[in-house]
Participant: 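Let me give you the structure first, and then I'll get to my questions.
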Protein chains: 2
Amino acid sequence: MTDTLVKILDSAERDVRSKGFHAVSFRDIAAELGIKSASVHYHFPKKEDLGLALIARYSDRVFDALESKSDKTHTPKEHIDAMVDVYRSALAESDRICLCGMLGAESAGLPATMADAVAEFFNKNVDWLVERLPEQVAIEERKARASNIVSTLQGSMMMANSLGDHSFFDQAVSQISAG
Amino acid sequence: MTDTLVKILDSAERDVRSKGFHAVSFRDIAAELGIKSASVHYHFPKKEDLGLALIARYSDRVFDALESKSDKTHTPKEHIDAMVDVYRSALAESDRICLCGMLGAESAGLPATMADAVAEFFNKNVDWLVERLPEQVAIEERKARASNIVSTLQGSMMMANSLGDHSFFDQAVSQISAG
DNA sequence: GTCTATAATTTGATAGAC
DNA sequence: GTCTATCAAATTATAGAC
């Protein structure tokens with residue numbers, strides 16, 4: 001059976017991804033698991049500890065999925081498609097936006113350690129793409145294309161969520177060029 | 001001199017756009033103006049009232065700026081550039097993301113009236129572009145392009161904010177095609 | 001319109017029993 | 001590891017004086 005720590009992270013991730021970090025309380029999380037808030041504090045003494053654990057786990061999951069989906073692929077187009085699929089799945093499976101999309105918006109109101117971890121997630125996303133875009137394209141152009149793609153994925157997730165229409169995501173990302 | 005109501009809206013907008021709706025309190029806003037929270041409640045009895053007023057004012061400002069910037073322009077490219085400029089100015093002048101970008105992320109944790117107003121803002125943004133893209137392009141394709149552009153603007157604002165680098169926005173939106 | 005005062009609730013967090 | 005109990009602070013919101 002799943003242990004409490006994982007259940008706490010699962011519940012907290014759901015809550016943060018739908019309402020934001022400040023709108024989620026230890027009591028909310030505890031109540032969802034049928035335990036007390038003091039038990040949540042046992043696993044994560046400070047809210048910041050919980051936030052950092054959420055970001056670390058989420059980032060690992062995204063990059064594991066990226067490696068897995070692009071395992072046997074080689075072309076830039078296939079790598080772009082892999083990232084689009086990872087984001088699409090994140091939206092479809094949870095009906096929620098990206099954890100770091102939420103925290104990136106709230107950035108200025110978060111502990112600096114969390115804001116830094118979120119920024120690192122974004123940099124890693126862009127870098128992952130830059131390394132897989134066509135070599136013959138100038139590095140500055142590759143950076144621009146990668147920045148554009150990750151921005152589009154983040155923005156379309158947020159808007160699809162707000163509009164209550166997942167097809168908005170597909171519509172918006174359909175315009176991402178093969179580069 | 002500016003009256004209190006406008007000062008409240010200005011202060012609240014700054015706070016919500018940097019930390020999120022739930023992270024902002026009536027006391028925060030009052031303290032910034034050197035008044036008491038009860039005085040803020042006089043102008044906006046419920047927090048929801050304040051939120052709705054913020055969205056209405058922000059939306060009006062954006063569409064006024066769009067009309068103004070695209071006043072004497074005619075081509076689709078000029079209209080796209082106008083919208084990019086409006087978003088760039090919103091980021092540059094405030095060092096903050098779009099109010100509705102923040103609230104769209106927090107959507108599920110907001111009063112339904114606010115979530116609906118935010119969704120309407122996004123729909124109006126997309127529609128504004130759809131009406132200005134080339135007529136000869138099929139309507140579905142125009143919708144996809146418009147959705148892509150607004151998504152990219154929202155996403156790149158959020159990421160530029162998280163990364164503390166406004167040039168990220170310029171890099172990402174430089175890829176928006178003239179269509 | 002702004003204030004003081006306060007109610008009712010929620011929050012992050014801790015001490016200590018089991 | 002989970003609980004009860006509790007705290008200090010913060011939150012939305014209201015009543016009523018000025």
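Per chain, numbering begins at 1; letters A, B, ... match sequence-line order. All values below come from the heavy atoms of this structure, side chains included, with hydrogens, waters and symmetry mates left out.
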Participant: Would you kindly give the CZ-to-P distance between B:Phe44 and C:dG1, to the nearest whole Å?
Facilitator: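 One finds 12 Å between P of C:dG1 and CZ of B:Phe44, rounded.
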Participant: Return the nearest nucleotide to the side chain of A:Ala38; candidates are C:dG12, D:dA13, C:dT14.
Facilitator: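 Output: C:dT14.
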Participant: Starting at CG of A:Leu50 and ending at C1' of C:dG12, how long is that distance when rounded to a whole Å?
Facilitator: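 Going from A:Leu50 (CG) to C:dG12 (C1'), I get 12 Å.
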Participant: Give the rounded distance in Å between these two atoms: NZ of A:Lys47 and C1' of C:dT14.
Facilitator: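 Checked: the NZ to C1' distance equals 17 Å.
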Participant: Hey, is the side chain of A:Tyr42 poking within less than 4.0 Å of OP1 or OP2 on D:dT2, counting only N and O atoms?
Facilitator: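 Answer no for this pair, as no side-chain N or O of A:Tyr42 is under 4.0 Å from OP1 or OP2.
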Participant: Atom CD of B:Glu48 to atom P of D:dT11: distance rounded to whole Å?
Facilitator: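 Nearest whole value for this atom pair: 19 Å.
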Participant: Any side-chain N or O of B:Ser25 under 4.0 Å from OP1/OP2 of D:dT11?
Facilitator: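 The answer is yes; a side-chain N or O of B:Ser25 sits under 4.0 Å from OP1 or OP2.
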Participant: Taking atom types as modelled, find out whether B:Thr113 and B:Asp116 have a side-chain donor-acceptor pair closer than 3.5 angstrom.
Facilitator: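 B:Asp116 and B:Thr113 do not have a side-chain donor-acceptor pair below 3.5 Å.
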Participant: Using the salt bridge (Lys or Arg N to Asp or Glu O under 4.0 Å) rule, pick out the option among A:Arg96, A:Arg61, A:Lys7, A:Lys19 that qualifies with A:Glu13.
Facilitator: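 Between A:Glu13 and the candidates, salt bridge (Lys or Arg N to Asp or Glu O under 4.0 Å) is satisfied uniquely by A:Arg61.
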Participant: Between C:dG12 atom C1' and B:His22 atom NE2, what is the distance in whole Å?
Facilitator: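 These atoms are roughly 17 Å apart.
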Participant: Whether B:Lys47 engages the ring of B:Phe26 as a cation-pi pair (distance to the six-membered ring centre under 6.0 angstrom, angle to the ring normal within 45°) should be assessed.
Facilitator: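 Pair B:Lys47/B:Phe26 does not count as cation-pi.
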Participant: Map B:Pro45 and A:Gly34 onto DNA chain D by nearest heavy atom, then report which one ends up closer to the 5' terminus.
Facilitator: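 The residue closer to the strand's 5' end, by nearest nucleotide, is A:Gly34.
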Participant: Using OP1 and OP2 only, check whether a side-chain N or O of B:His43 sits under 4.0 Å from C:dT2.
Facilitator: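 Yes, because at least one side-chain N or O of B:His43 sits under 4.0 Å from OP1 or OP2 of C:dT2.
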Participant: OP1 or OP2 of C:dT2 sitting under 4.0 Å from any side-chain N/O of B:Lys36?
Facilitator: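 So the side chain of B:Lys36 is outside the cut-off, no N or O lying under 4.0 Å from OP1 or OP2 of C:dT2.
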Participant: Could you state the atom-to-atom distance from NZ of A:Lys7 to C1' of D:dT2 in whole Å?
Facilitator: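 Rounding to the nearest Å, NZ of A:Lys7 and C1' of D:dT2 are 14 Å apart.
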Participant: Nearest to the side chain of B:Arg27, which nucleotide is it out of C:dT6, C:dT11, D:dG1?
Facilitator: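 Taking heavy atoms from C-beta onward, the closest nucleotide is C:dT6.
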Participant: For the residue pair B:Asn161 / B:His166, report whether a side-chain donor-acceptor contact shorter than 3.5 Å exists.
Facilitator: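 Checked: B:His166/B:Asn161 side chains show no N/O donor-acceptor pair below 3.5 Å.
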Participant: Choose from C:dC3, C:dT11, D:dC3 the nucleotide whose nearest atom is closest to any side-chain atom of A:Asp28.
Facilitator: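 Nearest to the side chain of A:Asp28 among the choices is C:dT11.
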Participant: Give the minimum heavy-atom separation between B:His43 and B:Ile8, together with the two atoms involved.
Facilitator: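 Reported closest heavy-atom pair: CD2-CD1, 3.6 Å.
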Participant: I need the CD1-P distance between A:Ile35 and D:dG1, as an integer number of Å.
Facilitator: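 A:Ile35 atom CD1 is separated from D:dG1 atom P by 12 Å.
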Participant: Compare the minimum distances between each of D:dC3, C:dG12, D:dT14 and the side chain of A:Phe26, then state the nucleotide with the smallest one.
Facilitator: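 Closest nucleotide to the A:Phe26 side chain: C:dG12.
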Participant: What's A:Val40 touching, base or sugar-phosphate or nothing? Going by heavy atoms closer than 4.0 Å.
Facilitator: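 Touches nothing.
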Participant: Measure from NE2 on A:His41 to P on C:dT11 and round the result to the nearest Å.
Facilitator: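 In whole Å, C:dT11 P and A:His41 NE2 are 11 Å from each other.
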Participant: Ignoring backbone atoms, establish whether A:Ser39 has a side-chain N or O less than 4.0 Å from OP1 or OP2 of D:dC3.
Facilitator: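 Result: yes.
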Participant: Want to settle it: does B:Lys46 or A:Thr4 sit nearer the 5' end of DNA chain D, counting the closest nucleotide to each?
Facilitator: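 The residue closer to the strand's 5' end, by nearest nucleotide, is A:Thr4.
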